[in-house]
There are 2 protein chains.
Amino acid sequence: MPPSAVSQPEQFTIGRLAKAAEVNIDTVRFYERQGLLQIAPRSAGGYRLYGAADAQRMQFIRRAKTLGFSLEDIAELLQLTEDGHDRSRVKAIAQKRVADLEERIRELEKMRSVLAHHAGHCSGHGAVKGCPIIQALLSEQG
Amino acid sequence: MPPSAVSQPEQFTIGRLAKAAEVNIDTVRFYERQGLLQIAPRSAGGYRLYGAADAQRMQFIRRAKTLGFSLEDIAELLQLTEDGHDRSRVKAIAQKRVADLEERIRELEKMRSVLAHHAGHCSGHGAVKGCPIIQALLSEQG
DNA sequence: CTTGACCCTGAAGTGGACTCCAGGGTTTAG
DNA sequence: CTAAACCCTGGAGTCCACTTCAGGGTCAAG
Ligand SMILES: [Zn+2]
Ligand SMILES: [Zn+2]
Ligand SMILES: [Zn+2]
Ligand SMILES: [Zn+2]
């Protein structure tokens, strides 16, 4: 019962790490294989042992994923935080991702507008023959 | 040399169909297995034979794909054009697709705005330590 | 007749990001 | 001491829409 332990290593096994990060336990092992997580030290019984830094790393991955980064990009971003790299590469990756997102958004908006237009012409009842949606797919027409 | 042949069957093999539809030849066979194309009749030598209706069907699939429909949805849409179905199902499929597109667009726009915001704070030079993009990933911050 | 272009089959591979499985060993509560 | 909960491994399976492969048969031109 020491009143203040300046830095207790506070270790935990894979299950707790997974639960804290709200991912499947196999996802953690998968990330290790993919090089996103460092190889964890093991307990006497062979269990992986993690610490606060690993939990933060999992959060990093989680946030990067919500921004749509691929695991490959995330691995590189994590790498860049390790060594004494320059910010330029980080910004380049982010800008590439923004550009990709914008392109994809334009594609989806194009799909949406075309399809909504056709759907707007469809009464929703009667025989399929003559349905404007089907007509549009059968021959290039608006 | 008949001056007017009211309906020449005009048959062709899989390679021409694929080229006309601008898809890989194996894609045609794949679509057949998936039930998107009807089983083609065969020549004496065992070659699949196609006609104008098949070419139109390939165009239908191509257009539906540019609207982002899954092959499963496309199969159903093609099915609906065959029998004496009602338009309601067609419209429902289209509206579902529009809704899915809108949801996906919102997700991507959220990613884009968050990421562009962080990137806007990044000078693009200097050490990674302290980079606003990395900081945002390390801890939930704007 | 031979060459080359074309076609056939069933099966396996691709990519991305997991997820699950079988057949174990380990740790902890009671 | 035992049962439950947890962990280990290598490998396979999942989804989707194809693509590739190996090992052959067919067809038109020269
Ligand atoms: Zn309609
Ligand atoms: Zn219109
Ligand atoms: Zn930066
Ligand atoms: Zn800000």
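A, B, ... follow the sequence lines: proteins, then strands. Residue 1 opens every chain.
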Give the table of side-chain donor-acceptor pairs shorter than 3.5 Å for residues 16-23 of chain A, with sequence neighbours excluded, one pair per line with atom names and distance.
none

message = For residues B:Val28 and B:Phe30: do they belong to one hydrophobic cluster (side chain heavy atoms under 4.5 Å, members Ile, Leu, Val, Met, Phe, Trp, Tyr)?
response =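 Yes, B:Val28 and B:Phe30 fall within the same hydrophobic cluster.
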ask   = With the 4.5 Å side-chain cut-off for hydrophobic clustering, are A:Met58 and A:Leu49 part of the same group?
value =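 Different clusters: A:Met58 never reaches A:Leu49 through Ile, Leu, Val, Met, Phe, Trp or Tyr contacts under 4.5 Å.
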What is the separation between atom [atom1] on [X] and atom [atom2] on [N], rounded to the nearest whole Å?
X       : N      : atom1 : atom2 : answer
B:Leu37 : D:dC18 : CG    : C1'   : 14 Å
B:Phe30 : D:dA17 : CZ    : P     : 7 Å
A:Asn24 : D:dC7  : CG    : C1'   : 14 Å
B:Ile74 : D:dC16 : CD1   : P     : 13 Å

Ignoring hydrogens, what is the shortest heavy-atom contact between [X] and [Y]? Give both atom names and the distance.
X        : Y        : result
A:Asp86  : B:Gly124 : OD2-O, 3.8 Å
A:Thr81  : B:Val128 : CA-CG1, 4.0 Å
B:Ser123 : A:Arg87  : OG-NH1, 3.6 Å
A:Phe12  : A:Gly51  : CZ-O, 3.4 Å

request  = Could you tell me whether the phosphate oxygens of D:dT19, OP1 or OP2, come under 4.0 Å of any side-chain nitrogen or oxygen in B:Thr27?
outcome  =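 So the side-chain polar atoms of B:Thr27 do come within 4.0 Å of the phosphate oxygens OP1 or OP2 of D:dT19, strictly under.
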Side-chain atoms of residues 104-112 of chain A: list all donor-acceptor pairs with protein atoms under 3.5 Å, sequence neighbours left out, distances to 0.1 Å.
unit_1	atom_1	unit_2	atom_2	d
A:Arg104	NH1	A:Glu107	OE1	2.7
A:Arg112	NH1	B:Glu102	OE2	3.4

message = Nearest 0.5 Å, please: how far is CZ in A:Arg63 from CG in B:Leu137?
response =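 Spacing of CG (B:Leu137) from CZ (A:Arg63) equals 7.5 Å.
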inquiry  = Just checking B:Gln34: does its CD atom have more than 12 heavy atoms from other residues, nucleotides or ligands closer to it than 6.0 angstrom?
reply    =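 Yes, because the 6.0 Å sphere around CD of B:Gln34 holds more than 12 heavy atoms from other groups.
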message = Can you list, in residue-number order, the parts of residues 54-65 of chain A that come under 4.0 Å of DNA chain C, counting heavy atoms only?
response =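 Contacting residues: A:Lys65.
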Within residues 25-40 of chain A or reaching into it, pairs that qualify as salt bridge (charged side-chain N to carboxylate O under 4.0 Å, His left out) - sequence neighbours excluded =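 Every salt bridge (charged side-chain N to carboxylate O under 4.0 Å, His left out) pair that includes a residue of residues 25-40 of chain A, provided the two are not neighbours, is A:Asp26-A:Arg29, A:Glu32-A:Arg48.
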query = Which two nucleotides bound the region of DNA chain C that has atoms under 4.0 Å from heavy atoms of chain A, read 5' to 3'?
reply =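 Terminal contacting nucleotides, 5' to 3': C:dA17 to C:dT27.
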inquiry  = Mind checking if B:Phe12 touches a base, just sugar-phosphate, or nothing, with heavy atoms under 4.0 Å?
reply    =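 Since no nucleic acid heavy atom lies under 4.0 Å of B:Phe12, the category is nothing.
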request  = Nearest-nucleotide wise, let me know which of A:Tyr31 and A:Ala44 is further upstream toward the 5' end of DNA chain C.
outcome  =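 Final value for this comparison: A:Tyr31.
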task = Classify every nucleotide of nucleotides 8-14 of chain D by which part a protein heavy atom approaches to under 4.0 Å, writing B for the base, S for the sugar-phosphate alone and - for neither, in 5'-to-3' order.
result = SB-----
